[in-house]
Amino acid sequence: MKIRYLTTLDSISESDLAEGFFEGWPDPPSYPNFIRLLHGSSHVVLAVEESSGKVVGFINALSDGVLSAYIPLLEVIPMYQGNGIGQELVRRMLELLNGHYMIDLMCDAELGGFYEKIGMHPSGGMILRNYKNQSGM
Ligand SMILES: CC(C)(COP(=O)(O)OP(=O)(O)OC[C@H]1O[C@@H](n2cnc3c(N)ncnc32)[C@H](O)[C@@H]1OP(=O)(O)O)[C@@H](O)C(=O)NCCC(=O)NCCS
């Protein structure tokens with residue numbers, strides 16, 4: 001399997017996104033909303049599988065352009081997990097965000113080790129989830 005990584009959406013449309021993202025979400029965003037949220041991000045890294053041309057993994061970030069960036073989403077579709085794509089997406093995103101003072105994300109405790117491997121460390125956080133909006137505004 002050969003993966004190439006993109007940091008722009010110039011050549012990407014909805015039909016380039018593989019099936020299977022937002023696994024386990026009760027009310028996932030539609031793919032038009034998926035494309036919209038990528039375009040609304042300040043930074044994206046996409047993992048594209050060379051032979052199919054499909055996006056099989058992505059990470060996005062929202063930056064204020066001065067101090068802070070937040071990483072809301074990281075996902076590799078199940079068939080491609082366990083091949084180092086997730087780590088590479090994070091590594092490339094941290095490279096893009098180099099220069100920011102704060103780079104934050106929220107994750108389940110069992111993923112702590114995954115992010116620690118790449119230099120992040122645990123902290124506290126507060127969240128609010130409006131489940132009625134889970135599929136997008
Ligand atoms: C988390 C996720 C992006 C990892 O992607 P991936 O391509 O499978 O990850 P990698 O192959 O780069 O894994 C690298 C390492 O992290 C570990 N790891 C991967 N997923 C993990 C998980 N869910 N929990 C704990 N460790 C995990 C792997 O065991 C591997 O460790 P190793 O190098 O010691 O073998 C992927 O499992 C996923 O999309 N999950 C669903 C969405 C999600 O949870 N996103 C994160 C939101 S904070």
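Atoms considered below: every heavy atom in the structure, side chains included; atoms not considered: hydrogens, waters and symmetry mates. From a predicted model like this one, the values you see are computed outputs, not experimental measurements. Counting convention: from 1, in listed order, for ligands and their atoms alike.
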Check the surroundings of atom CE in Met102: do more than 12 heavy atoms from other residues, nucleotides or ligands lie under 6.0 Å from it? yes
Assess whether atom CD of Glu23 is packed by more than 12 heavy atoms of other residues, nucleotides or ligands within 6.0 Å. no
[atom]: nearest protein contact (heavy atom, Å):
atom: atom 11 (O) of ligand 1; value: Gly84 N, 2.7 Å
atom: atom 44 (O) of ligand 1; value: Leu111 CD1, 3.6 Å
atom: atom 38 (C) of ligand 1; value: Gln81 NE2, 3.4 Å

Is there at least one pair of N or O atoms, one from [X] and one from ligand 1, spaced under 3.5 Å apart?
X: Gly86; answer: yes
X: Phe114; answer: no
X: Asn83; answer: yes
X: Met106; answer: no
X: Gly82; answer: yes

Under 4.0 Å from [atom], can you find at least one protein heavy atom?
atom: atom 28 (C) of ligand 1; value: no
atom: atom 22 (C) of ligand 1; value: yes
atom: atom 35 (O) of ligand 1; value: no
atom: atom 40 (N) of ligand 1; value: yes

Distance-only, no hydrogens or angles: does the [X] side chain make a donor-acceptor pair with backbone N or O of [Y] under 3.5 Å?
X: Tyr115; Y: Val90; value: no
X: Asp64; Y: Leu67; value: yes
X: Ser135; Y: Pro29; value: no

Does the plane of the ring in Phe34 sit parallel, tilted or perpendicular to the ring in Phe21? Use 30° and 60° as the thresholds. perpendicular
Please verify the inter-ring angle class for Phe58 with Phe22; under 30° counts as parallel, over 60° as perpendicular, anything in between as tilted. tilted
If you take the nearest heavy atom of each of Glu75, Gln87, Lys117, which one is closest to atom 31 (O) of ligand 1? Lys117
For atom 47 (C) of ligand 1, which candidate among Leu74, Ile85, Val56 provides the closest heavy atom? Leu74
For the pair Lys54 and Glu49, find out whether any cationic side-chain nitrogen is under 4.0 Å from an anionic carboxylate oxygen. no
Pair Glu95 + Arg92, salt bridge at N-O below 4.0 Å: no
Heavy atom of Gly113 under 4.0 Å from ligand 1? no
Glu110 heavy atoms within 4.0 Å reach ligand 1 at atoms 24 (N), 25 (C)
Among Leu62, Ile59, Leu73, exactly one meets side-chain contact (heavy atoms from CB on, under 4.5 Å) together with Ser41. Which residue is that? Leu62
Nearest heavy-atom approach of Gly57 to Leu89 is C-CD1, 3.8 Å
Test of understanding: given a 4.0 Å heavy-atom threshold, classify the contact between Tyr115 and ligand 1 as side chain, backbone, both, or neither. side chain
